[in-house]
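Everything below concerns the one structure shown next.
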Amino acid sequence: MVHYLILERITVYAEAMIVTLTGAFKNAGDYLIGDRARKLVRAHVDAEVIDINRKEITDSHYETFNKARAVLLTGGPAYQKMMYPKIYDLDVARIEVPIIPFGLGWKGHLGQTPQEFEFSTPATQFIQHIHSDKSHYSSARDFLTLEVLKKHGVENVAMTGCPAWYDEAMIDQDYEFSNEVKTLVFSMPAAPNNQVKDVIAGLAKRFSRAKKYLTFQAGYRSTNAQREAEITKWFRSSMFTGFRYGFRPVSFESDFGKFTEVMSQSDFHIGYRVHSHIFSLSQRKSSILIAEDSRGIGQTQAMGGEALKSSDSSASILSKVDDLFDSKGQAVEQSISTMRKTYPTMLDFLGQI
């Protein structure tokens with residue numbers, strides 16, 4: 001009888017735990033993904049949520065994995081060439097429970113198509129292995145990701161959008177366009193771009209009375225291993241350009257609180273950071289995203305829109321600002337409507353965990 005009770009407690013514990021693997025280090029967007037993902041799981045899956053940093057996995061964590069109902073690979077553009085072992089260095093042979101991607105996306109170069117993209121052989125084997133359990137399906141954050149996975153033999157996946165799409169307190173709240181912009185946020189790109197100076201100048205002219213922020217989502221120092229010095233120098237130069245046009249620079253490096261504080265003040269966001277765009281839309285605020293790579297293209301398309309690109313002219317970007325305000329935020333309304341219509345698909349995904 002004693003042994004039976006102990007076994008029963010272990011079984012209940014296992015059924016009541018979900019492990020999320022997240023990777024928030026510097027980029028505030030990664031913190032947003034993890035925060036929204038855990039809130040969704042806690043709200044819709046009858047389980048305790050234990051979060052583990054994907055870069056800090058030790059031997060002892062495998063015991064935790066195998067006591068859980070499932071391990072969720074959570075957050076960001078994980079479908080990269082070296083997804084395994086660069087993003088998720090997991091010994092899948094040691095994990096006896098389902099491993100389920102949750103809102104993961106594909107990261108390809110700007111202009112690259114899913115048909116042109118190839119995973120490494122180890123990454124392909126990893127992806128196919130975690131999708132081999134057909135009793136569950138995974139969650140992708142856009143349709144381009146679905147295409148990449150289908151090319152590599154994976155079809156048990158649904159397009160749920162990014163977990164960051166869903167602030168459940170705002171799901172039923174409608175977008176109300178306002179022509180008045182008291183606070184403007186311009187999110188900086190991850191790499192130098194000649195658009196920036198002219199776009200900043202154009203925004204300063206159009207929104208001369210607004211409080212203006214120049215935001216650096218992963219901080220003032222680049223994390224690019226090959227171009228760190230070059231990009232960091234350009235960031236500093238851009239800060240001085242911003243100062244001249246009335247933009248206050250703000251770093252969100254490892255500071256989710258600062259990110260939410262500043263972005264919540266914004267009436268209009270424009271820029272290159274996907275999750276500054278997503279956060280704005282989730283709060284029913286006007287936003288325009290300029291895509292640096294497939295992440296931005298995929299997110300804009302998934303929301304039913306047409307992406308601006310970092311290769312476009314500054315004039316075309318400023319023209320898009322005019323279009324947004326002349327149409328009273330029609331593109332924003334479309335994006336929010338699509339996010340709301342996709343929400344039940346996210347709930348269906350959570351319901352099968």
Side-chain angles (χ1 to χ4, degrees), residues 18 20 22 29-47 49 51 69-70 72-79 98 100-106 136-147 149 155-177 256 259-260 263-264 266 269 273-289 295-307 329-353:
I18 296 290
T20 56
T22 54
D30 294 331
Y31 288 89
L32 176 66
I33 296 168
D35 179 70
R36 293 270 172 91
R38 289 187 293 274
K39 285 177 178 175
L40 285 167
V41 174
R42 289 186 179 113
H44 300 285
V45 181
D46 185 17
V49 178
D51 188 65
R69 185 191 307 175
L72 304 186
L73 308 184
T74 307
Y79 289 118
I100 307 174
F102 179 17
L104 301 188
W106 167 55
H136 293 86
Y137 61 90
S138 70
S139 154
R141 70 184 197 178
D142 57 57
F143 294 108
L144 293 182
T145 302
L146 292 188
E147 291 183 45
L149 291 174
E155 296 195 9
N156 53 328
V157 55
M159 203 298 283
T160 62
C162 179
W165 283 17
Y166 307 113
D167 177 350
E168 294 197 288
M170 301 291 290
I171 290 293
D172 294 325
Q173 184 161 323
D174 294 329
Y175 166 70
E176 296 182 4
F177 171 77
F256 184 49
F259 171 83
T260 56
M263 295 306 302
S264 295
S266 170
H269 160 263
R273 303 315 298 224
V274 171
H275 284 86
S276 287
H277 178 64
I278 289 175
F279 180 87
S280 298
L281 296 178
S282 77
Q283 301 306 295
R284 308 306 186 241
K285 296 173 181 289
S286 297
S287 183
I288 293 176
L289 178 65
R295 294 172 294 178
I297 299 291
Q299 283 298 279
T300 306
Q301 289 181 355
M303 293 174 181
E306 183 178 347
Q330 184 176 349
V332 174
E333 179 63 48
Q334 171 64 47
S335 295
I336 292 170
S337 174
T338 303
M339 292 163 70
R340 185 180 284 153
K341 289 176 182 177
T342 309
Y343 176 60
T345 307
M346 174 61 85
L347 296 186
D348 288 343
F349 163 76
L350 294 169
Q352 53 97 48
I353 295 174

Checklist entry - Going by distance alone, is a donor N or O of one side chain under 3.5 Å from an acceptor N or O of the other, for Asp142 and Gln301? => result no
Rounded to the nearest 0.5 Å, the CD1 atom of Ile171 sits from the CH2 atom of Trp165 at a distance of 11.0 Å
With sequence neighbours left out, the residues meeting salt bridge (Lys or Arg N to Asp or Glu O under 4.0 Å) with Lys39 are Asp35
Rounded to the nearest 0.5 Å, the OG1 atom of Thr74 sits from the CG atom of Asp30 at a distance of 11.5 Å
Is it true that Thr22 and Asp51 share a donor-acceptor pair across their side chains at a distance under 3.5 Å?
yes
For Arg284, the salt bridge (Lys or Arg N to Asp or Glu O under 4.0 Å) test, sequence neighbours excluded, returns none
Just by distance, do the side chain of Asn156 and the backbone of His136 share a donor-acceptor pair under 3.5 Å? yes
Distance col, row Leu40:CG vs Leu72:CG, nearest 0.5 angstrom, shows 11.0 Å
*Check the side chains of Thr160 and Ser139 for a donor-acceptor pair under 3.5 angstrom, ignoring hydrogens and angles.*
yes
Q: Check whether the side chains of Ser286 and Tyr175 place a donor and an acceptor atom closer than 3.5 Å, and report yes or no.
A: yes
Closest non-hydrogen atoms of Pro163 and Gly103, given as atom of the first, atom of the second and distance, are CD-CA, 3.8 Å
Close side-chain approach of Glu168 to His44, heavy-atom, < 4.5 Å:
yes
Sorted by chain and number, sequence neighbours left out, ring pair (Phe, Tyr, Trp, His ring centres under 6.0 Å) with Phe177 holds for Phe325
Residue pair Gln283 / His269, side-chain donor-acceptor N/O under 3.5 Å: no
Let me have the donor-acceptor pairs involving side chains of residues 344-353, under 3.5 Å, with sequence neighbours excluded, atom names and distances please.
| residue | atom | partner | partner atom | Å |
| --- | --- | --- | --- | --- |
| Gln352 | OE1 | Tyr137 | N | 3.0 |
| Gln352 | NE2 | Tyr137 | O | 3.2 |
| Gln352 | NE2 | Phe349 | O | 3.0 |

Note: Leu146 and Ala140 closest approach over all heavy atoms is CD2-CB, 3.8 Å
In short, Ala164 meets Ile278 closest at the heavy-atom pair O-CG2, 3.4 Å
* To do: Run the numbers on Leu104 and Thr145 for side-chain contact (heavy atoms from CB on, under 4.5 Å), then give the verdict.
  => CA-CA 8 Å; Leu104 301 188; Thr145 302; 5.9 Å; no
The reported gap from OG in Ser282 to NE2 in His275 (rounded to nearest 0.5 angstrom) is 10.0 Å
Looking only at heavy atoms, the pair that brings Met159 and Ala302 closest together is CE-CB, 4.2 Å
Here the pair of heavy atoms bringing Val49 nearest to Arg42 is CG2-CG, 3.6 Å
For Gln299 and Arg141, indicate whether the former's side chain and the latter's backbone hold a donor-acceptor pair under 3.5 Å. yes
OG1 (Thr20) and CZ (Phe102) are apart, to the nearest 0.5 Å, by 9.0 Å
Under a 3.5 Å distance rule, please check whether Ser337 uses its side chain to pair with a backbone N or O of Glu333 as donor and acceptor. no
Shortest non-hydrogen pair, Ser335 vs Leu281, comes out as CB-CD1, 3.9 Å
- Task: For Ile33 and Cys162, run side-chain contact (heavy atoms from CB on, under 4.5 Å): C-alpha distance rounded to whole Å, both residues' side-chain angles, the deciding distance at 0.1 Å, then the answer.
- Result: CA-CA 8 Å; Ile33 296 168; Cys162 179; 4.1 Å; yes
Arg340 meets the salt bridge (Lys or Arg N to Asp or Glu O under 4.0 Å) criterion, sequence neighbours left out, with Asp174
Sequence neighbours excluded, the answer for ring pair (Phe, Tyr, Trp, His ring centres under 6.0 Å) partners of Phe259 is Phe252, Phe279
Under the 3.5 angstrom rule, does the side chain of Thr338 hit a backbone N or O of Met303 as a donor-acceptor pair?
yes
Got Arg36 and Asp167 here, is their nearest side-chain heavy-atom distance under 4.5 Å?
yes
Exercise. Just wondering, more than 12 heavy atoms not from Gln330 lying within 6.0 Å of its CD?
Worked result: no
